[in-house]
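Worth saying up front: this structure is predicted, and the values here are computed from it rather than measured.
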Amino acid sequence: MRPSIESALRQSAELTRNNQLVKAVEVAEAAISRADGYEHAEIQQWLTDHTDDFVGRED
């Protein structure tokens with residue numbers, strides 16, 4: 001996935017942890033809408049792998 005999309009997903013996670021859910025969704029949605037078909041699968045995997053980033057849990 002392009003670095004700009006991954007960066008947006010990381011920013012969305014940070015916004016979510018800071019209870020800025022509307023902004024988090026806007027950022028993630030914009031990134032996902034720019035993604036191509038191949039990136040959608042990568043985004044899905046990234047979100048699965050980084051679920052804890054959104055809820056603030058650490059392993």
Side-chain angles (χ1 to χ4, degrees):
M1 120 181 58
R2 286 174 275 173
S4 61
I5 292 175
E6 184 174 349
S7 176
L9 294 174
R10 290 183 186 281
Q11 180 184 12
S12 179
E14 179 67 26
L15 289 165
T16 300
R17 288 192 304 273
N18 290 318
N19 295 318
Q20 298 179 37
L21 300 177
V22 173
K23 183 66 175 170
V25 170
E26 290 173 352
V27 169
E29 185 177 42
I32 292 168
S33 70
R34 291 190 313 264
D36 62 28
Y38 295 108
E39 288 173 313
H40 285 164
E42 291 178 307
I43 290 168
Q44 185 176 10
Q45 186 61 53
W46 189 94
L47 290 170
T48 299
D49 293 345
H50 292 89
T51 301
D52 290 343
D53 293 351
F54 285 85
V55 296
R57 288 186 300 196
E58 295 183 20
D59 292 337

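The structure places CG of Asp53 at 8.0 Å from OG1 of Thr51, a figure rounded to the nearest 0.5 Å. Atom CD in Gln45 sits 5.5 Å away from atom OG1 in Thr48 (nearest 0.5 Å). Within the model, atoms CD1 of Ile32 and CZ of Arg34 stand 10.0 Å from one another, a figure rounded to the nearest 0.5 Å. Distance CZ/Arg2 to CD/Glu42: 10.0 Å, rounded to 0.5 Å. Once rounded to the nearest 0.5 Å, the distance linking OG of Ser12 with CD of Gln20 reads 10.5 Å.
Here the shortest heavy-atom pairing between Phe54 and Thr16 reads O-CG2, 3.3 Å. Ile43 and Ala35 make their closest contact through CD1-CB, 3.6 Å (heavy atoms, listed as atom of the first residue, atom of the second, distance). Nearest heavy atoms, Gln11 versus Val27: OE1-CG1, 3.7 Å. Nearest heavy-atom pair across Leu9 and Ala28 is CD2-CB, 4.5 Å.
The 12-atom threshold is exceeded at CD of Glu26, counting heavy atoms of other residues, nucleotides or ligands nearer than 6.0 Å. The local environment of CD in Glu29 is sparse, with at most 12 non-hydrogen atoms from other residues, nucleotides or ligands closer than 6.0 Å.
Scored by the side chain to side chain contact (heavy atoms under 4.5 Å, CB included) test, Asp36 finds Tyr38, Glu39 as partners (sequence neighbours excluded).
Salt bridge Arg10/Glu6: present, at least one basic N to carboxylate O contact under 4.0 Å.
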